Amino acid sequence: MMNHAAASGAAAAQAAAAPYLVVNNVEVIYDHVILVLKGVSLEVPKGGIVALLGANGAGKSTTLKTISNLLRAERGDVTKGSVEFRGERVDQLTPNELVRRGVIQVMEGRHCFAHLTIEENLLTGAYTRNISRRELAADLERVYHYFPRLKERRKSQAGYTSGGEQQMCAIGRALMARPQLILLDEPSMGLAPQIVEEIFEIVQDLNTKEQVSFLLAEQNTMVALRYAQFGYILENGRVVMEGTAEALRENEDVKEFYLGLSGEGRKSFRDVKHYRRRKRWLA
Amino acid sequence: MIYREAGQFKASYEADMQIFPIRQDRIAIAAIVLFAFVGVPLFASEYWFQAIITPALIFSLAALGLNILTGYAGQLSLGAAGFMAVGAFATYNFMLRIDGMPFLVAMVLGGVCAALVGIVFGLPSLRIKGFYLAVATLAAQFFILWVLVKFPWFSNYSASGVITAQEIVILGWTVDEPVEKYLLTLAVVTVLALAAKNLARTHTGRAWMAVRDMDVAAEVIGIPLMKTKLQAFAISSFYCGVAGALYAFTYLGTVEPEAFNLDLSFKILFMIIIGGVGTVLGSFLGAAFITLLPIFLNQLFHALFGDSLPPAFASNVELMIFGGLIIFFLIVEPHGLARLWQIGKEKLRLWPFPH
Amino acid sequence: MARTIGDVILDLQNISLSFGGVKALTNISFNVRQGEIRSIIGPNGAGKSSMLNVINGVYHPQEGRIIFMGKERRKMNPHEAAAQGIARTFQNIALFKGMTVLDNIMTGRNLMMKRNFLWNALYWGPAQRDEIAHRKRVEEIIDFLEIQHIRKVPVGRLPYGLQKRVELARALAAEPKLLLLDEPMAGMNVEEKQDMCRFILDVNEQWGTTIVLIEHDMGVVMDISDRVVVLDYGRKIGDGLPNEVKNDPEVIKAYLGAVY
Amino acid sequence: AAEQYMGLPSYRVGAYAAGGSGIFGGWIDYMQMINERDGGVNGVKLVWEECETEYNNARGVECYERFKAKGNTFFSPLSTGITYSVLDRVAQDKIPLVTIGYGRSDAADGRVFPWVFPLVTHYWSQASAMINFIGKEKLGSMDQLKGKKIVLLYHDSAYGKEPHEVLKRLSQKWGFELELIPVAHPGNEQQSQWLQIRQIRPDFVILWGWGVMNPTALSTAKRTGFPIDKIIGVWWAGAEEDVIPAGNASAGYIAAGFNAVGDQHPVIQDIKKYVYAKGKGNLDPKRVGSVYYNRGVVHGIIYVEAVRLAQAHFNKKGQPVTGEEIRWALEHLNFTPERLKQLGAEGFLPVMQTSCMDHEGAGVVKFQQWDGSKWKMISDWIVPDRVLVRQLVEESAAKYAQEKGITPRDCSKEG
Amino acid sequence: MTFFFEVLIAGLLSGMLYALVALGFVLIFKASGVFNFAQGAMVYFAALTFVGVGEKLLLWLGWAPGSFASFLGSLLVTLAAMVVLAILIERFMLRGLVNQPLITLFMATIGLTFFIDGLAQLVWGSNVRGLDIGIADEPVIWLLDSANMLVSKFDLTAAAIAAILVALLSLFFQYTKTGRALRAVADDHQAALSIGVPLERIWVIVWVAAGVVALVAGLIWGARNGVQYALSFTALKALPVLILGGFTSIPGAIVGGLIIGASEKLAEVYLGPYVGGGIDSWFPYIMALAFLLIRPEGLFGEKHIDRV
Ligand SMILES: Nc1ncnc2c1ncn2[C@@H]1O[C@H](COP(=O)(O)OP(=O)(O)OP(=O)(O)O)[C@@H](O)[C@H]1O
Ligand SMILES: Nc1ncnc2c1ncn2[C@@H]1O[C@H](COP(=O)(O)OP(=O)(O)OP(=O)(O)O)[C@@H](O)[C@H]1O
Ligand SMILES: [Mg+2]
Ligand SMILES: [Mg+2]
């Protein structure tokens, strides 16, 4: 059921490798006035899976958008810090160039092209690659292999598919670009448990077989920490804790607030007390 | 430090729900209104009344009307000038055909006529959305003007379809001096602007905005789409109609249907976009900006270059700068001048810290 | 507080819905009792959201009967459903982006606000009293959901989780008899889910509101619902108490997978 | 030195730029010529200032007010819309409003409109002169009009409706059939109208067009096989700009005018010599002598003459005159043949004389024909049906006076 | 009856000309969701540049006006100008407005209209010019002889050109990678960016395409009515066509054009006299409106998807 052993083995091997993606002390402001990231630094090693955890509004999505340079489209500005990918500064590149270099983001909230069919959605994913029709068809098959449900719905306009189907479509679309680093923003949101497992299996699959690295922002901490080798916890625009997945999983606070575990194991949602407020980490 | 809300606690919802909850705002607005009623008449020259302030006020009113429809209720319309024409011609006819009709009553009736026409042309909005609706409102624009030109009854059989505004008498006071016309316009605009602000902050306005932001959701939470949209069309057209009446009566005096052409509709749309969609303040800022900018550019060019430039050159460059500035403003702040103002306020609040 | 589960308040009989060739729902029947928390689960694309859309009139099923509070209705548009006391939240947040949190929640009370626009334009006397009275109710809900600090923030700026909460607040503001929640906890971490569960339970317990819930987090579903319907590709494959459903092999195969 | 100031509400961009630049350009060149050649009017330098209106009413009003604040003495917006917009203001502001070939025709009644001058000739005179031209010149005599069919193809706007009443009355008087066919603005598609005309088979078509409507009419006429020389255009459809776009289709087309074309007149030669030769011209030299350009020169001649007259009458030689004084002069213009000759403008504009009763002055119209490359004058000054036109003017002016509560002046008491 | 057909055919043919202008709108709308109000100004700009180049530049080079070489030369220079214009528009306007509400983009294009109008007249002057593109504007003789029906050769040629353009563009959109990317951009700017669609390049491509369409429309309309400011009014004729056919459909532009053209002419001839004529200012709009009430996205437009 779980692939602990495999995951931690890979982690050990890669810990020594040179950092692949480095985010260095970035500060982000929206709309000229709203300061959201207050100096976030993190690293993703080559071939690693790194989880970015944190409460709503902590700045996870913003961090990812900073890396993929999609911020500008939301009137956000990076006022400080730098982003390096494979040793080169990439913070001035266009998203297009980033995708060509292998960094792609799957945005939170799906963002499928509503009027295109599922298949067309997937095909646009390969926009940056110049490949033959055959290769394209093969890649398409690969995605359909991962998400059989998409194959059934491939002629439907994405706007008319269910939420989960759209999520699959968004992930599949990113896979079509054959990226080396995927920034996954809440991949499990709105997916049935089975599919969540599947998606993470796919993540792991890509990671081990094709050396694709992942940075995932995820609320489903339980699953995320199971597959990731390393994790950062973001709070209020700052990294408040970082560590290997095991370390985090064992941390008492993480256990209580992110995994919903207390001394005796999982607590029923029915019994949680309303007035219980979380203590905040001070950064 | 100047702009702080600190210490202004709201003890009741009543206080929190005032029209301008922040004290500084209240003082500023009161000062502006006072200045407009007392200060301006003392200082401004006739040029300012007749050529700048009065038309700018009237355009503000029309922009406010369009803002209700487009900014608040989200129904893009390119027919504002058409509704202004209805207001102007209806007011003229009420004055003409009913003996002893007081101007203000005629003006309100003119607005009501515009509202009715607005409802008719608003009916398609129940099915049609976005740019499709915008183009559909063009039908209103063209159709209304066509009717006014085609049926001479509306212009009292004047040979060329032109109407001449009657004299305005309010309770025995004849409004004929530029200052008086200005004051009358100002009074009407002030009252209607307050009403608009009130509408916007009560459930009427919230229903509009809900329909604008997401009509499916609005319907699901129980907002009747038909009523809300038509109401927005009616009220918006009413404002435009009154603006049209003022345009004819306190500004130009003599108007032809042509004066309310498509260009004017666009100009008003411009005002709300530049000023700020969905804000009352934006209507005023936008109207001021769009009326003043070309004049300013024209004067600036004269001052800078005198006659040394070929005249057509200056005119064309003005046009290009005007267009360029509009694009520039949209890029800098897509939400318009009103938003810039708001950001400015937020910065003031934080001052001297950047964030 | 003791919960009482009453009679059937909503009865769905043989509902079928299709879009062109896609059969979203096939011959589905189930009911909801007064005061219970009824969950709908099923794989993605099973037709759960469509089911909610049928209940509150966004979709009109081709076949079947819907009986709400003893009255059958064939076709009804969403705002009539709202008028009868059905409120909901949406899977993809459907807040009014240009408005503040407070205004968003106030729209939830629109149905109860009767002053016409002329009064409102004056904002005087009855109109003002009306606004203030409703504001009071809304503030109670704001307190209840602990979103006081974001009252005046435009919703577009809020993080996802809080937006979901505001949506719940908006639905509650209508004081519904039946509350439909479409994945209210998607995209939340455990702590936030716990809060949300608490809110839902409180609404259910304190106000006796009947709730239909769609959720993919099985922990949540199993813990808080009274009965669960399972859909798969538009068909009903299970219906019963959480424990029954959880151990139903067909449900495990179609939906839960091996984890649970 | 003393200066006589005037504001020019010109328009040089947009749909109407062709007319605006031509006319204001010619006008300015003429004033420049007076300054260069004569050192101004009796030593008073003419100065002017332009203000771009874009043919837009509100902009026009702003220009008007801007000029007024600077002491303007003469306002001629070259736009009927702007004319209407300032009509109410000029009397109070004491600035004469001069509309040559546009504006309100009924303003010719100087008793009701003391401050408005539709000088030279106005729309109603033109319509009537056209019928006279068709009758007398084209058909041989007015009686021949009986039973003929005339189509008025007009711009569907206030402007296009101007001639309706006159033509209706004339059709009753002379017994010709009148068909009215409107063209919606802007008129860049007229297939259906011309197919209709093809059905009607009229003897003449009067083209009351504007801008792009004119060349479109001509090319569509050609396409539908209507004889081009049976189309008579108004003076706003009779410039080079109206025919060149239609290419070959326009050869033979006839249009009205109230000024001569070409550069052979001494006044134009002087402009070339004193202005263009010194590189001070306002326009592309190729446009000198074109229809709009010469129309601008007519404006200039009238303005300068009014200043001169006012100086003389009010004993202000060598000093600037006021708007009121110019108004007086405009009411006492007298362009005799001799005077025109002195001005180098014999036959360039009609002989005219204004009075308190008559703010039009001449009312005559010339006709010109496009030969494929240039306009040629093909008629002498054609006189309209003065009685009928005057009757219409007075009716309409009286109605206006009543609506506005104006008591007409008594002209017998005017000096 | 001949008359009826004459009117009908004239209407259908002018409908094709409207479609030609509408096409420019469709292109940009389909590819970026922008309602490009400046399309009319672009038509003017293109035609004016074309004649301007012929008048000034090439004459100066000693190429005879009206010669084929001069025609080709002007065409190439104008095409280059349209490309430059597209690049400038992308660089200075669109880039700053990524992911903004459509109405903002729409307004920006109105600003652009002013800019282009000013620029065109600044460079080439506002003189009215004729334009001869070598297609005779005369009736097809055999139709005239055999059926006494007037059908213009010019209109036929223009209609054929429009049809060819439409066919090419439809294929492009449906079957190429770029075409697909264009549609993706129209749906969601940010998502398109996220998967590496280079918005900058895409936008330049579309605006160049729209510029070429504008040039073709400008040449044809210019040859009909002269090259003058009023060319930008052709946009007004195109709008009803656009709504009727659907903003996003290229074939829709043609069908819409045919319907609007024919009904407008027939209405003016058969209905006009009863109400005083001049109805083609509004009739097409009301027509289109009537269609919209039945199909709110126009005949072939993409359905608006709003789901909850
Ligand atoms: N476009 C924007 N304009 C203004 N503020 C924004 C914008 N986008 C995000 N924010 C603010 O930035 C903060 C961080 O948002 P972000 O989306 O990065 O959080 P997150 O950690 O991804 O949360 P979630 O789990 O809800 O997705 C939030 O407080 C949010 O309100
Ligand atoms: N308006 C529509 N037009 C066409 N197909 C639709 C429409 N609405 C839903 N569908 C289809 O019906 C099926 C059920 O969709 P629904 O949204 O109800 O699924 P769901 O159970 O809510 O899934 P999820 O958990 O992923 O949200 C899907 O395959 C979807 O594509
Ligand atoms: Mg996020
Ligand atoms: Mg769903």
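Below, read A as the first sequence line, B as the second, and so on, with proteins coming before strands; counting in each chain starts at 1. Here the structure is a predicted model, which is why all the values come from computation and not from measurement.
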Report summary line: Interatomic distance, CD1@B/I273 vs CD1@E/I103, rounded to 0.5 Å, equals 3.5 Å

Requested in this report: Could you check if a side-chain atom of B/L262 sits within less than 4.5 angstrom of a side-chain atom of E/L236, using non-hydrogen atoms only?
Outcome: yes

**Report entry** Interface moiety of B/I326 toward chain E, non-hydrogen atoms closer than 4.5 Å
**Finding:** side chain

Query raised in the report: chain E: which of B/Y132, B/F322, B/F131, B/F329 shares the most heavy-atom pairs with it under 4.5 Å?
Result: B/Y132

Query raised in the report: So, for E/M93 and B/I331, which heavy atoms are closest and what is the spacing to 0.1 Å?
Result: O-CD1, 3.6 Å

Report summary line: d(B/L76 CG, E/F35 CZ) to nearest 0.5 Å is 9.0 Å

Query raised in the report: Taking the six-membered ring for Trp, are E/F114 and B/F270 ring centroids under 6.0 Å apart?
Result: yes

Report summary line: If you tally heavy-atom pairs under 4.5 Å between each of B/G336, B/A140, B/P334 and chain E, the highest tally belongs to B/P334

Requested in this report: Please examine the side chains of E/I279 and B/W146, heavy atoms only from C-beta on, and report whether any two atoms are closer than 4.5 Å.
Outcome: yes

Report summary line: In this structure, OG of E/S126 is separated from CG of B/N316 (nearest 0.5 Å) by 7.0 Å

Query raised in the report: Heavy-atom distance under 4.5 Å to chain B: side chain of E/L105, backbone, both or neither?
Result: neither

**Report entry** Nearest-0.5 Å distance, CG of residue E/D117 to CG of residue B/L319
**Finding:** 6.0 Å

Query raised in the report: Quick one: CG on B/L330 to CD on E/Q100, what's the gap to the nearest 0.5 Å?
Result: 9.0 Å

Requested in this report: Answer whether the closest heavy-atom distance between the side chains of E/M107 and B/L269 falls below 4.5 Å.
Outcome: yes

Query - Side chain, backbone, both or neither of E/F29 within contact of chain B (heavy atoms, under 4.5 Å) - result: side chain

**Report entry** Which atoms of E/L102 approach chain B - backbone, side chain, both or neither, heavy atom under 4.5 Å
**Finding:** both

Query - Proximity breakdown for E/L244 and chain B, heavy-atom pairs closer than 4.5 Å - result: neither

Report task. Please list, in residue-number order, every residue in residues 285-292 of chain E that has a heavy atom less than 4.5 Å from any heavy atom of chain B; write 'none' if there are none. Result -> E/Y285, E/I286, E/L289, E/L292

Query - Check: E/F37 ring centroid to B/F266 ring centroid under 6.0 Å - result: yes

Query raised in the report: Tell me, side chain or backbone of B/T70 under 4.5 Å from chain E's heavy atoms, or both, or neither?
Result: side chain

Requested in this report: Indicate the atoms forming the closest heavy-atom contact of B/K150 with E/G276, along with that distance.
Outcome: NZ-O, 2.6 Å

Query raised in the report: Heavy atoms, side chains only, cut-off 4.5 Å: are E/L122 and B/M320 in contact?
Result: yes

Query - Distance, nearest 0.5 Å, that separates CH2 of E/W282 from CZ of B/F142 - result: 13.0 Å

Query - Option in E/L293, E/L239, E/T113 with maximal non-hydrogen atom pairs under 4.5 Å from chain B - result: E/L293

